[in-house]
Amino acid sequence: MSYDRLTRPLVRENGALREATWAEALDRAAEGFRRNVAEHGPDCFAMLSCARSTNEMNYVGQKFTRVVIGTNNVDSCNRTCHAPSVAGLSAVFGSGGGTSSYQEVEDTDVIVMWGSAARNAHPIFFQHVLKGIRNGARMFAVDPRRTGTAQWADLWLGLNVGTDIPLAHAVAREIIHAGLHNEAFIERATVGFAAFKECVEPWTLTAAEQVTGVPAAAIRELAHAYARADRAQLCWTLGITEHHNATDNVRALINLALLTGHVGRYGSGLSPLRGQNNVQGGGDMGAIPNRLPGFQDILDPDLRARFESAWGAPIQPRYGLNLTQMLEGMAEGEVTTCYIVGENPVQSEADSLACAKRLAMLDHLVVQDIFLTRTAQMADVVLPASAAWCEAEGTFTNSERRVQRVRKALEPPGEARDDIWILCELARRLGHDWAYDGAEEVWDELRSLSPQHRGMSYRRLTELQGIQWPCPSEDALEPPYLHGRLWESDPERRGAPAPFAVLEHSPPVDLLDEEYPLRLTTGRRLDSYNTGVQSSGFASPLRRGETVELCPEDAQRLGVAAGEDVRITSRRGSVVAPVFIDPALRPGLVFMTFHFPDDVDVNSLTIEATCPIAGTAEFKAAAVRVEKLVKAG
């Protein structure tokens, strides 16, 4: 299915959406927010901000939520992907950004791609990986599938789904027993090593091989290569974060960096690779329920006071609801109105049928988007927005924390309007007369409140073609990597030590049994993107639609052939898709994407079990069965 651009506002009347004027649509949207807040209080409101829109839009969006409505219930698709990375990195280093620049992966000695099909899912970053390989770096791929990324690796470690912590512990134990850990760094810059050492001790190479399925010799080779390298980059994506224990997975990888000292130096670091073009920026701008712009803790009274003074409104002294909790709140009748900007949760969330049911329970739903997505089709009011990457002025922040300018090249079609204009018109109808004279004025307000962005004027961003945060001064630039302080000899300059985490193995929630004997894991393909809304309008010679990928052995055992339709069933739903035979899969492992939900709703199969710290669902580990269809007659 290909989506047409929204060009006029829509309002629901007699159960159907009809075209409306901007005045009518904005009045209707504002009235619904006002009515619900008056009846239930500000916490009945939830906003999903947009990880594809500009930093400036996300800044105004979270300000709308906190100032106009009076709640901290704001989140975005970071909850679906990298919230565990932010939680894990913040817990250890006090900052949720990846520690390294893209250039460093070209100049490093060892690259570990853990749970990352970057060649398909992050092709731009993977070009930097290829340059690193050409420059002599060894690359290790840790993934249940022998992906296109793994095909470039010196060694592929094909682990069983959900066994990342046992594998990381075994790597750590081998490093410690071989005497390859960095004792000086551990002593000066970390805490908790003794307890960590005790926790990994049971994970011998043999024990890990039995649980993970990775040969002991391969685990040993990765351990020695990573620990002996002068510089090493550890990179991960959703293979680590889309699990019920995702933050623990992230902490397990950070433990390896602390053990070897591969962090805080040029060429040595930790890189979570973001999917949407501004996932990093959305969180940086405060479009998350626990942080003010600049990733500043909302529980800090002094920080809140600065924002309250600047914004002229009180800020709730408590965390808001994240996306997962918002959906739970809808089911319980506590969240009754929602404002969704550029997100499509009906098709992107795990257990999608349950998500749609919860959104249908809302009293008032407003969707602001460039397409009439399945989520927008459920709305009471639909507001047509501009495409941020070509129809708006502003900035984005990529995975290496680099803030870059984007410029308006086209006028939005029809009556579509800029996101910030729409937000300000709604704010005005709710008693807040905001009048920003363009995106730069929004950015300068952000700079006045966020120390790590203070030195990034539009002029400077233009001259330098992007700047990585932190950038507190307009007169200087910081190093491209974070946490160099950990190498300082002066304890005062070194600051707070980085804590090791003691972690336990917790297998996938959705257990395999005789009824559901196969493990379904999900991911992306190169030619399509997420729920397909953004990529379905473009032709691709590689695109083959949704398929269920099986290894030749499983296909033979099931008696199915390539191209044959089969039924895939989990404990939550059932879909039909054609078979694709992939020799890179191992027996028992099934792979699907979520790029074609209008044809095959793969997320009706996935499980909503979530990480208790980050709220991210276990998209990567559903138990399923695959059945041959029996033709009638």
Side-chain angles (χ1 to χ4, degrees), residues 79-85 87-88 114-117 142-147 157-170 203 207-214 236-253 324 348-355 501 503-524 548-551 554 568-575 585-594 602-626:
R79 199 62 49 194
T80 311
C81 54
H82 269 297
S85 300
W114 197 311
S116 176
V142 183
D143 200 294
R145 296 186 300 143
R146 192 168 187 274
T147 63
L157 285 74
L159 79 171
N160 296 327
V161 174
T163 62
D164 301 275
I165 288 175
L167 184 59
H169 280 3
W203 291 102
E209 178 176 320
Q210 291 174 348
V211 172
T212 67
V214 179
W236 68 87
T237 46
L238 307 190
I240 282 293
T241 60
E242 289 187 337
H243 290 277
H244 75 283
N245 57 343
T247 303
D248 284 356
N249 282 347
V250 172
R251 294 292 301 269
L253 301 189
T324 303
S348 64
E349 289 306 297
D351 198 352
S352 56
L353 298 178
C355 177
L503 307 165
E504 298 293 331
H505 173 41
S506 178
V509 172
D510 211 8
L511 298 177
L512 302 183
D513 58 20
E514 290 185 0
E515 190 175 5
Y516 302 99
L518 301 173
R519 179 63 71 195
L520 168 66
T521 195
T522 60
R524 293 181 180 134
V548 55
E549 297 184 11
L550 302 171
C551 70
D554 282 338
I568 308 100
T569 304
S570 76
R571 294 183 173 93
R572 292 152 296 281
S574 183
V575 299
L585 286 170
R586 296 176 297 146
L589 187 62
V590 177
F591 177 78
M592 300 182 79
T593 77
F594 33 77
V602 174
N603 271 331
S604 67
L605 305 175
T606 52
I607 185 169
E608 199 187 24
T610 55
C611 170
I613 300 172
T616 301
E618 192 155 64
F619 290 88
K620 298 294 184 185
V624 299
R625 65 172 178 269
V626 175

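When a residue number appears, it is its place in the shown sequence, counting from 1.
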Participant: Taking all atoms of both residues into account, what is the closest heavy-atom pair of Val211 and Pro166, and its distance?
Facilitator: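 So the two residues come closest at CG1-CG, 4.1 Å.
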Participant: With rounding to the nearest 0.5 Å, note down the distance linking CZ in Phe619 to OG in Ser348.
Facilitator: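 Going from CZ on Phe619 over to OG on Ser348, the span is 6.5 Å.
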Participant: Looking only at atom types and distance, does a side-chain atom of Thr522 sit under 3.5 Å from a main-chain N or O of Met592, one as donor and one as acceptor?
Facilitator: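 Answer holds: no.
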Participant: Please answer whether the main-chain N or O of Gly588 pairs with a side-chain N or O of Asp554 as donor and acceptor at a distance below 3.5 Å.
Facilitator: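 Present.
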Participant: Which atoms form the tightest heavy-atom contact between Pro84 and Thr616, and what is the distance?
Facilitator: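 In this case the closest contact between Pro84 and Thr616 is CD-OG1, 3.1 Å.
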Participant: To check you understand the geometry: which heavy-atom pair defines the closest contact between Ser570 and Val624, and what is its length?
Facilitator: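 Closest pair (atom of Ser570, atom of Val624, distance): CB-CG1, 3.9 Å.
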Participant: Using the test side-chain hydrogen bond (donor to acceptor under 3.5 Å, both in side chains), find all partners of Thr324 that sit at least two apart in sequence or belong to another chain.
Facilitator: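 None.
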Participant: Return the CD to CZ distance between Glu514 and Arg625, rounded to the nearest 0.5 Å.
Facilitator: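 The CZ atom of Arg625 is 12.5 Å from CD of Glu514, to the nearest 0.5 Å.
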Participant: Any side-chain heavy atom of Arg519 sitting closer than 4.5 Å to one from Pro144?
Facilitator: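 When only atoms from C-beta onward are counted, Pro144 and Arg519 do not touch, as no gap falls below 4.5 Å.
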Participant: Could I get the full list of side-chain hydrogen bond (donor to acceptor under 3.5 Å, both in side chains) partners for Arg524, not counting sequence neighbours?
Facilitator: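 Scan of Arg524 (side-chain hydrogen bond (donor to acceptor under 3.5 Å, both in side chains), adjacent residues dropped) gives Asn530.
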Participant: Can you list the residues that meet the side-chain hydrogen bond (donor to acceptor under 3.5 Å, both in side chains) rule with Ser85, with sequence neighbours excluded?
Facilitator: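 Expected list: His82, Trp236.
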Participant: When you measure from the side chain of Arg586 to the backbone N and O of Gly158, does any donor-acceptor pair fall under 3.5 Å?
Facilitator: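 Pair found, side chain donor or acceptor close to backbone of Gly158.
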Participant: Lys620 and Thr241: side chain to side chain contact (heavy atoms under 4.5 Å, CB included), yes or no, with the steps?
Facilitator: CA-CA 9 Å; Lys620 298 294 184 185; Thr241 60; over 6 Å; no
Participant: Name all residues meeting the salt bridge (charged side-chain N to carboxylate O under 4.0 Å, His left out) criterion together with Arg146; count only those two or more places apart in sequence or in a different chain, and write none if there are none.
Facilitator: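 Listed in chain order: nothing, the list is empty.
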Participant: At what distance, to the nearest 0.5 angstrom, does CG of Leu518 lie from CG of Leu550?
Facilitator: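 With rounding to 0.5 Å, CG (Leu518) is 7.5 Å from CG (Leu550).
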Participant: When you measure from the side chain of Glu618 to the backbone N and O of Val509, does any donor-acceptor pair fall under 3.5 Å?
Facilitator: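 Looks like yes, one N/O pair under 3.5 Å.
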Participant: Once side-chain contact (heavy atoms from CB on, under 4.5 Å) is applied, do any residues pair with Cys355, and if so which ones, sequence neighbours excluded?
Facilitator: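 Expected list: Leu327, Pro345, Glu349, Leu359.
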Participant: For Ala623 and Arg571, work out which heavy atoms get closest and say how close.
Facilitator: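 Residues Ala623 and Arg571, closest heavy atoms: CB-NH1, 3.5 Å.
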Participant: Return the minimal non-hydrogen interatomic distance between Val161 and Ala621, and the atom names on each side.
Facilitator: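 Smallest interatomic distance, heavy atoms only, reads CG1-CB, 3.8 Å.
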Participant: Once you round to the nearest 0.5 Å, how far does NE2 of His505 lie from OG1 of Thr212?
Facilitator: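 So the gap between those two atoms works out to 9.5 Å.
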Participant: For the atom pair CG (Asn249) and SG (Cys611), what is the distance rounded to the nearest 0.5 Å?
Facilitator: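 Answer for the CG-SG pair, Asn249 versus Cys611, is 8.5 Å.
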Participant: Is Leu159 close to Asp164 at the side-chain level, that is, under 4.5 Å between some pair of heavy atoms?
Facilitator: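 Asp164 reaches Leu159 side chain to side chain.
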Participant: Test side chain to side chain contact (heavy atoms under 4.5 Å, CB included) on Glu549 and Leu589; report intermediate values, then the result.
Facilitator: CA-CA 9 Å; Glu549 297 184 11; Leu589 187 62; over 6 Å; no
Participant: Mark yes or no for whether Arg572, through its side chain, and Asn603, through its backbone, hold a donor-acceptor pair below 3.5 Å.
Facilitator: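 Looks like no, no N/O pair under 3.5 Å.
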Participant: Using side chain to side chain contact (heavy atoms under 4.5 Å, CB included), reason through His243 and Asp248 one step at a time and then give a plain yes or no.
Facilitator: CA-CA 10 Å; His243 290 277; Asp248 284 356; over 6 Å; no
Participant: Quick one: which of Asp143, Val142, Thr237, Leu238 gives a side chain to side chain contact (heavy atoms under 4.5 Å, CB included) with Ser116?
Facilitator: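 Running side chain to side chain contact (heavy atoms under 4.5 Å, CB included) over Asp143, Val142, Thr237, Leu238 with Ser116 returns exactly one hit, Thr237.
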Participant: Once rounded to the nearest 0.5 Å, what's the spacing between atom OG1 of Thr247 and atom CG of Leu503?
Facilitator: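 Result: 10.5 Å between the selected atoms.
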Participant: With sequence neighbours left out, what residues match Thr569 under side-chain hydrogen bond (donor to acceptor under 3.5 Å, both in side chains)?
Facilitator: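 Result, side-chain hydrogen bond (donor to acceptor under 3.5 Å, both in side chains) vs Thr569: Ser574.
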Participant: Please find the pair of heavy atoms, one from Val602 and one from Thr593, that lie closest to each other, and give the distance.
Facilitator: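 In this case the closest contact between Val602 and Thr593 is CG2-O, 3.0 Å.
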Participant: Would Glu242 and Thr606 count as a side chain to side chain contact (heavy atoms under 4.5 Å, CB included) here? Give the steps.
Facilitator: CA-CA 11 Å; Glu242 289 187 337; Thr606 52; over 6 Å; no
